[in-house]
Amino acid sequence: MKLLNRVLEAALEDAIQAAQESGELPSFAIPRIPVSAPKRASQGDLSYPAMGLAKLARKRPLDIANLIVGNMQELDFACEIKVAPPGFINCTIADEFLKQQVDAMIDEGDALFRLDMGCGKRAQVEFVSANPSGPITIGHTRGAVVGDAMARLLEAAGYEVQREYYYNNAGAQMVKLGKSLMLRYRQQLGDDVQLPADYYQGEYLIDAAADLVAEHGDSLRSASWERFKGAAESRMFDWIKRSLASIDIKHDAFYNETSLFDSGKIWDVLDTMRENGHIYQATHWEGAREDEISDVTAKGYQPATWFRSTSFGDEKDRVMVKSDGKPTYTLPDIAYHCDKLKRGFDIAVNVLGTDHFSQAQVVKYGIRALGMDPDPIHVIFNQMVRAVRWNEERGEHEAVKQSKRAGDFDTLDDLVAMTSADAVRYHMLARSPNSQLDFDVDQVVKQSNENPVYYIQNAYVRCAGIFREAEERGFDDAGADLKHLGEDELKFIRKALELGNVIEQAVINYEPHKVAFFAHELAAVFHPIYDRARVLHSEVPIDTAKARLRFYRAAAVVFRRLLRLMGMSAPERM
RNA sequence: GCCUCUGUAGCUCAGUGGACAGAGCACCGGUCUUCUAAACCGUUGGUCGCAGGUUCGAGUCCUGCCAGGGGCGCCA
């Protein structure tokens with residue numbers, strides 16, 4: 001289906017050009033002024049502020065608007081185009097056209113509003129990317145939900161999408177995890193060993209150790225920590241994948257940072273940066289202050305390998321290879337993104353927490369130092385997530401302490417267990433990534449009308465209920481004549497047509513949360529109509545009933561599409 | 001100190017430089033013998049943190065200030 005505002009924009013541009021050619025308007029480059037839906041229904045369905053042309057055309061906005069309208073060709077979907085002060089051009093969509101959209105929506109089904117903006121293009125979304133040293137936490141969950149929704153939106157926009165999970169199993173944390181499991185294993189065997197305080201204390205390692213005993217007995221007593229690290233890692237990944245699958249998230253590719261070392265890619269990248277003149281050896285960076293230099297001297301550092309990132313706007317240069325010969329985190333990160341770009345993605349979205357802000361900047365500088373264009377890379381930064389609950393005494397929300405104690409909300413599994421997969425997905429998505437998210441545990445747990453999740457799903461459920469009842473009564477919509485639809489139903493179709501724009505805007509601006517808000521708005525349009533526009537009611541004439549049944553089929557298609565875009569289920573019953 | 005995000009109704013939050021700033025929750029009052037009342041109808045609620053500036057037009061852009069979150073290591 002076409003995006004009506006885009007069609008109207010094109011028609012307006014043609015009209016302006018026509019007016020310029022006839023001399024009614026002076027010649028100027030036509031700026032892109034977006035057509036949008038006005039707030040009030042009385043102002044039509046699509047609106048164009050011609051005031052934006054006043055300066056260029058050196059005429060009164062109202063006159064300009066009238067000139068443009070006078071030069072417009074007829075549009076198949078518009079019944080009325082009016083000019084309103086101070087210079088708006090308002091377009092009303094024809095009822096006849098709206099009625100046609102009912103069948104058009106049903107025909108498109110689950111591909112409703114699939115756009116062609118990504119046609120023939122490939123996109124990648126990298127998200128979650130938690131190292132396999134523990135379960136998926138609440139913080140990871142936000143990235144998971146936002147990333148997967150972004151992937152679904154890119155698919156809806158026509159892109160071929162790959163979901164990637166980048167991880168590092170070679171760091172000190174993983175060593176600690178392996179050793180933690182080793183000690184837990186020995187404890188299971190009855191050995192008197194203590195777990196150091198900075199080791200992984202989680203109960204899941206006790207369970208893992210018990211399983212190892214059940215499987216291998218005491219045969220691993222003298223096995224190396226590497227053996228345990230491998231066991232812990234595979235167990236963690238199983239857990240992580242299971243947790244993500246519980247909210248309908250599945251990655252296509254798992255990319256191990258270690259492979260960048262094995263293939264030598266990180267050194268190739270460093271060589272290229274050096275050839276391009278952005279690398280130098282020194283004990284301290286070139287712009288270091290006196291106190292920094294003396295600090296470094298005091299520590300007795302040997303020369304390290306520095307990236308002159310300040311050439312690209314960084315505030316200080318960054319170490320690529322430490323004086324002990326080991327790369328910092330930054331070098332493989334640059335190599336990874338370089339590899340990503342070489343794999344030919346037109347868009348590479350990366351969902352990160354804001355704690356990675358500086359790191360992501362340096363990676364972009366690194367990409368430019370390689371002589372590559374970082375433009376396809378776009379990072380969505382999520383602000384922090386807190387689980388909060390209402391404190392009655394103090395009359396305010398307060399953070400839930402995230403501990404391992406039962407009853408606290410620490411992991412994705414906990415959240416799902418306390419609420420539902422759908423609730424987790426909706427609440428994590430329905431917030432701008434720029435704002436800190438307070439996950440109100442009490443509200444999400446409530447399965448009541450306070451919870452927008454059910455409000456939206458109930459719209460689909462109500463449609464499904466009608467279809468069930470109709471089938472039982474042997475009633476169908478064959479031969480339905482949509483002229484029997486009323487204002488209410490058309491109002492819904494009008495709103496539903498905005499979905500295409502919502503998808504487009506969400507993709508262009510990398511703002512998947514917009515879909516969540518739209519879903520709620522659409523449900524708010526639906527429910528009152530459901531109450532008024534009954535289908536299987538003794539007083540509803542049969543022609544009207546058929547038309548309405550057809551209408552609810554379209555509504556169900558729209559809600560199903562929306563719920564799936566958010567990764568939520570579309571239940572037939574609740 | 002520098003960077004960055006946030007500040008909008010009692011609470012949680014939307015809001016492409018456009019028209020009279022919106023939802024949900026909470027509060028108050030109504031609505032089920034007819035497809036799910038997890039719904040609907042009605043009422044209440046605002047100095048868009050503060051001060052300037054740009055603009056025909058600013059919650060939105062710019063500058064400064066105030067308050068809060070996060071980030072700034074030869075850590076991973």
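Proteins come first, then strands; the chains are lettered A, B, ... in the order of their sequence lines, and each starts at number 1.
- Within residues 318-333 of chain A, the residues that have a heavy atom under 4.0 Å from RNA chain B are, in order of number, Val319(A), Lys322(A), Ser323(A), Tyr329(A).
- Within the nucleic acid shown, Asn90(A) comes within 4.0 Å of at least one base atom, counting heavy atoms only.
- Note on Lys316(A): only backbone sugar-phosphate atoms sit closer than 4.0 angstrom, heavy atoms only; bases stay farther off.
- You'll find the side chain of Arg32(A) reaches within 4.5 Å of the side chain of Glu9(A), heavy atoms only.
- Counting heavy atoms from C-beta on, the side chains of Tyr365(A) and Pro374(A) never come closer than 4.5 Å.
- Relative to the ring axis of Phe518(A), Lys495(A) does not place its NZ or CZ within 45° and under 6.0 Å from the centre.
- No engagement by Ala516(A) is indicated, since no non-hydrogen atom pair under 4.0 Å with the nucleic acid exists.
- With sequence neighbours left out, the side chain to side chain contact (heavy atoms under 4.5 Å, CB included) criterion links Ala149(A) to Leu429(A), Pro512(A).
- Secondary-structure stems of RNA chain B, taken as three or more successive Watson-Crick or G-U wobble pairs (i with j, i+1 with j-1) under a 3.5 Å distance threshold, comprise B:1-7 with B:66-72, B:10-13 with B:22-25, B:28-31 with B:39-42, B:49-53 with B:61-65.
- Per the geometry, CG belonging to Asp531(A) stands 8 Å off C1' belonging to rA37(B), to the nearest Å.
- Of the listed nucleotides (rG69(B), rA19(B), rG18(B)), rG18(B) has the atom at the smallest distance from the side chain of Pro49(A).
- Contact annotation: Arg462(A) does not reach the phosphate of rU36(B) (side-chain N/O to OP1 or OP2, under 4.0 Å).
- Taking atom CZ of residue Phe357(A) and atom C1' of nucleotide rC5(B), one finds them 9 Å apart after rounding to whole Å.
- A gap of 39 Å separates the C1' atoms of rC3(B) and rG45(B), to the nearest Å.
- The side chain of Gln359(A) lies closest to rA76(B), out of rA76(B), rA19(B), rA39(B).
- Checked against rU16(B), rA39(B), rA38(B), the side chain of His527(A) finds its nearest nucleotide in rA39(B).
- A distance cut-off of 5.5 Å between ring centres, combined with a plane angle under 30°, places Tyr301(A) in a stacking arrangement with the base of rC74(B).
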Write down the protein N/O and nucleotide N/O pairs, taken from nucleotides 6-9 of chain B, whose separation is under 3.5 Å; answer none if there are no such pairs.
none

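- Comparing rG15(B), rA37(B), rA14(B) by their nearest atom to the side chain of Lys514(A) picks out rG15(B).
- RNA chain B is contacted by both Ile33(A) and Tyr552(A); Ile33(A) maps to the nucleotide lying nearer its 5′ end (nearest heavy atom per residue).
- At a threshold of 4.0 angstrom between heavy atoms, the contacts of Ser358(A) are confined to the sugar-phosphate backbone, with no base atom among them.
- The Tyr530(A) side chain lies nearest to rA37(B) when the options are rA76(B), rU16(B), rA37(B).
- Residue Arg534(A) places no side-chain N or O under 4.0 Å from the OP1 or OP2 atom of rC40(B).
- Residue Tyr454(A) has no polar side-chain atom (N or O) positioned under 4.0 Å from OP1 or OP2 of rA37(B).
- Contacts of His520(A) with the nucleic acid, taken as non-hydrogen atoms under 4.0 Å apart, involve only primed sugar atoms and P, OP1 or OP2.
- Separating the P atom of rU8(B) from that of rA51(B) is a span of 15 Å, rounded to the nearest Å.
- Remark: the Asn458(A) side chain and the rA37(B) base include no donor-acceptor N/O pair separated by less than 3.5 Å.
- At the phosphate of rA19(B), neither OP1 nor OP2 sits under 4.0 Å from any side-chain N or O atom of Lys82(A).
- For His513(A), a side-chain nitrogen or oxygen approaches OP1 or OP2 of rG15(B) to under 4.0 Å.
- With Glu126(A) contributing its side chain and Asn350(A) its backbone, the two residues share no donor-acceptor pair below 3.5 Å.
- Note on Pro528(A): only backbone sugar-phosphate atoms sit closer than 4.0 angstrom, heavy atoms only; bases stay farther off.
- Rounded to the nearest Å, the gap between the P atom of rA37(B) and that of rG46(B) is 34 Å.
- rG59(B) and rA19(B) have their P atoms separated by 9 Å, with the value rounded to a whole Å.
- The side chain of Glu469(A) approaches rC35(B) more closely than any other nucleotide in the set rA19(B), rC35(B), rA39(B).
- Here the nucleotide nearest the side chain of Phe517(A), chosen from rC20(B), rU16(B), rA14(B), is rA14(B).
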Give me the distances for all protein-to-nucleotides 54-58 of chain B N/O pairs that come in under 3.5 Å?
| unit_1 | atom_1 | unit_2 | atom_2 | d |
| --- | --- | --- | --- | --- |
| rC56(B) | OP1 | Lys55(A) | NZ | 2.9 |

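- For residues 284-296 of chain A, proximity to RNA chain B is found at no residue, defined as any non-hydrogen atom under 4.0 angstrom from a strand atom.
- Residues Asp355(A) and Thr283(A) each lie close to RNA chain B; by heavy-atom proximity, the contact nearer the 5' end of the strand is made by Asp355(A).
- Distance OH (Tyr167(A)) to P (rA76(B)): 19 Å, rounded to an integer number of Å.
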